[in-house]
Number of protein chains: 2
Amino acid sequence: MPYIHDDTEECKDCHMIADVTENELIDLAELFKIFGDSTRIKILFDLFHGEKNVSQICEDLEMNQSAISHQLKILRTSKLVGARRDGKSIYYSLADEHVRMIIEMGKEHIEE
Amino acid sequence: MPYIHDDTEECKDCHMIADVTENELIDLAELFKIFGDSTRIKILFDLFHGEKNVSQICEDLEMNQSAISHQLKILRTSKLVGARRDGKSIYYSLADEHVRMIIEMGKEHIEE
DNA sequence: TCAACATATGATAATATATTCATATGAACG
DNA sequence: CGTTCATATGAATATATTATCATATGTTGA
């Protein structure tokens with residue numbers, strides 16, 4: 001695979017983005033996969049408005065609590081959202097500005 | 001679903017990105033889903049270097065032609081790549097700069 | 001401590017997705 | 001026109017993913 005290298009050595013054949021290894025590409029696909037589900041993207045979008053607890057997210061998306069929790073776990077594991085406990089509730093929020101930017105970027109693409 | 005509206009009317013409850021409808025979010029997830037497969041992202045990445053025909057892509061990714069063609073069809077349908085025929089070969093290329101930017105954005109997120 | 005509430009988790013079933021194999025289409029050229 | 005090369009496509013299988021149901025964990029306050 002000429003342009004996808006096993007390590008991060010300088011590539012003799014190409015000069016653009018030869019520093020991307022196969023594993024990095026797999027990670028990248030993994031990241032986009034997280035955004036590629038409508039429930040998860042609705043959750044992320046819901047969190048654009050600030051932090052929310054699980055019950056609020058369930059109400060907003062009109063979905064059952066278990067489904068939401070399962071997806072929140074995936075988002076947490078991928079470090080796309082953060083969580084903090086306050087009493088019985090757990091509040092979720094977007095992890096960083098990248099999340100916002102990636103979504104905005106996709107939005108722009110679609111809106112054309 | 002307070003923050004996800006069925007139409008694009010002005011929202012009374014929120015002021016940020018209330019112009020996103022549920023269908024737009026589904027489209028957005030659909031777009032990210034395309035990037036969320038390692039074969040497709042390798043193809044897109046391969047095309048960063050300029051247009052290539054199917055055989056070249058197969059060689060670069062070390063994958064069989066049918067698998068590549070199936071994924072190219074998905075990329076074509078989603079308008080992420082363009083295709084032109086030259087004799088017996090069909091040359092594929094990235095459709096626009098957004099594709100490049102979305103990938104770069106994800107790459108940045110990962111590299112942190 | 002126990003009941004009530006909020007959230008997480010495991011198992012299951014339904015659905016979606018990717019790859020492979022076999023074959024079809026389509027172009028070039030003798 | 002028939003063969004060869006390049007690509008596309010359909011069917012089948014294997015695998016991954018999601019939502020649901022039932023239940024577990026953890027927190028609060030009586």
Side-chain angles (χ1 to χ4, degrees), chain A residues 1 4 22 25-47 51-93 95, chain B residues 1 4 22 25-47 50-93:
Chain A
M1 190 147 51
I4 300 174
E22 170 143 27
L25 286 175
I26 290 170
D27 288 349
L28 194 49
E30 214 62 40
L31 174 67
F32 284 124
K33 196 176 292 179
I34 307 296
F35 292 96
D37 171 81
S38 60
T39 299
R40 286 191 292 266
I41 209 136
K42 282 177 190 173
I43 292 175
L44 291 172
F45 178 76
D46 202 30
L47 298 178
E51 71 173 7
K52 300 209 171 182
N53 63 33
V54 180
S55 314
Q56 288 178 302
I57 298 172
C58 291
E59 280 175 36
D60 290 349
L61 306 206
E62 289 169 328
M63 285 183 67
N64 100 50
Q65 179 265 318
S66 182
I68 296 294
S69 274
H70 278 295
Q71 297 310 323
L72 281 171
K73 173 163 197 167
I74 293 173
L75 290 169
R76 233 184 314 127
T77 303
S78 327
K79 303 215 202 294
L80 296 183
V81 304
R84 77 178 174 85
R85 179 181 279 277
D86 180 13
K88 280 180 286 193
S89 297
I90 296 191
Y91 286 83
Y92 283 87
S93 54
Chain B
M1 189 147 51
I4 300 175
E22 170 143 26
L25 286 175
I26 290 170
D27 288 348
L28 194 50
E30 213 62 39
L31 174 68
F32 284 124
K33 196 175 293 177
I34 307 296
F35 292 95
D37 172 80
S38 60
T39 298
R40 286 191 294 266
I41 210 134
K42 283 177 190 173
I43 292 174
L44 291 172
F45 177 76
D46 201 30
L47 298 178
E51 71 174 7
K52 299 211 174 181
N53 63 34
V54 180
S55 315
Q56 288 178 303
I57 299 172
C58 292
E59 280 175 38
D60 290 349
L61 305 207
E62 289 170 330
M63 285 183 64
N64 101 50
Q65 179 266 317
S66 181
I68 296 293
S69 274
H70 278 295
Q71 297 310 323
L72 281 171
K73 175 165 194 165
I74 293 173
L75 291 169
R76 233 184 313 128
T77 304
S78 326
K79 302 216 203 292
L80 297 183
V81 304
R84 79 177 173 86
R85 179 181 278 278
D86 180 13
K88 280 181 287 192
S89 296
I90 297 191
Y91 286 84
Y92 283 87
S93 53

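Predicted model only: the values in this text are computed from it and were never measured. A, B, ... follow the sequence lines: proteins, then strands. Residue 1 opens every chain.
As rounded to whole Å, 9 Å separates atom P of dA19(D) from atom NZ of K42(A). Nucleotide dC5(C) holds its C1' atom 12 Å from the CG atom of N53(A), rounded to whole Å. As rounded to whole Å, 9 Å separates atom P of dA18(C) from atom NZ of K33(B). Distance CZ (R84(B)) to P (dG26(C)): 20 Å, rounded to an integer number of Å. Following rounding to the nearest Å, E51(B) (CD) and dT7(D) (P) show an atom-to-atom distance of 12 Å. Rounded to an integer number of Å, the gap from I68(B) CD1 to dT7(D) P is 11 Å. Computed from coordinates, the L72(B) CG to dA18(C) C1' distance equals 14 Å when rounded to whole Å. Rounded to whole Å, atom P of dA6(D) lies 15 Å from atom CG of N64(B).
Here S69(A) lies in heavy-atom contact (under 4.0 Å) with a base. In this structure, Y91(A) reaches neither bases nor backbone, as no heavy-atom distance under 4.0 Å exists between it and the strands shown.
For T39(B), taking side-chain heavy atoms from C-beta onward, the closest of the listed nucleotides dT7(D), dT19(C), dT7(C) is dT19(C). Checking dT18(D), dT19(C), dA19(D) against the side-chain heavy atoms of M63(A) singles out dA19(D) as nearest. Relative to the side chain of R85(B), the nucleotides dT7(C), dA19(D), dA27(C) differ in distance, and dA27(C) lies closest. Candidate nucleotides dG26(C), dT27(D), dT18(D) were compared by shortest atom distance to the side chain of K88(A), and dT27(D) ranks first. The side chain of K73(A) approaches dT9(C) more closely than any other nucleotide in the set dA19(D), dT9(C), dT19(C). Between dT27(D), dT7(C), dA11(C), one nucleotide has an atom nearer to the side chain of H70(A) than all others, and that is dA11(C). Looking at the side chain of S66(A), the nearest of the listed nucleotides dT9(C), dT7(D), dT17(D) is dT9(C).
Heavy-atom minimum distance, I90(B) versus A83(B): CG2-CB, 3.9 Å. When every heavy atom of Y92(A) is checked against every heavy atom of V81(A), the shortest pair comes out as CD2-CG2, 3.7 Å.
The phosphate of dT17(C) has neither OP1 nor OP2 within less than 4.0 Å of any side-chain N or O from R40(B). Checking the phosphate oxygens (OP1, OP2) of dA6(C), no side-chain nitrogen or oxygen of Y92(A) falls inside 4.0 Å. Look at Q71(B) and you won't find any side-chain N or O under 4.0 angstrom from OP1 or OP2 of dT17(C).
Evaluation of the salt bridge (charged side-chain N to carboxylate O under 4.0 Å, His left out) test over residues 77-87 of chain B, restricted to residues two or more places apart or in two chains, returns E51(B)-R84(B).
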For this session: Could you please spell out the steps behind the side chain to side chain contact (heavy atoms under 4.5 Å, CB included) verdict for I26(B) and E22(B)?
Result: CA-CA 6 Å; I26(B) 290 170; E22(B) 170 143 26; 4.1 Å; yes

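Counting heavy atoms from C-beta on, the side chains of K73(B) and T77(B) come closer than 4.5 Å.
At a cut-off of 3.5 angstrom, counting only N and O atoms as typed in the model, there is a donor on one side and an acceptor on the other between the side-chain of Q65(B) and the base of dA8(D).
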Enumerate, atom names and distances included, each donor-acceptor pair closer than 3.5 Å involving a side-chain atom of residues 31-41 of chain A, sequence neighbours excluded.
| residue | atom | partner | partner atom | Å |
| --- | --- | --- | --- | --- |
| D37(A) | OD2 | T39(A) | N | 3.1 |
| D37(A) | OD2 | R40(A) | N | 3.1 |
| R40(A) | NE | I34(A) | O | 2.7 |
| R40(A) | NH1 | Q71(A) | OE1 | 2.7 |
| R40(A) | NH2 | K33(A) | O | 3.2 |

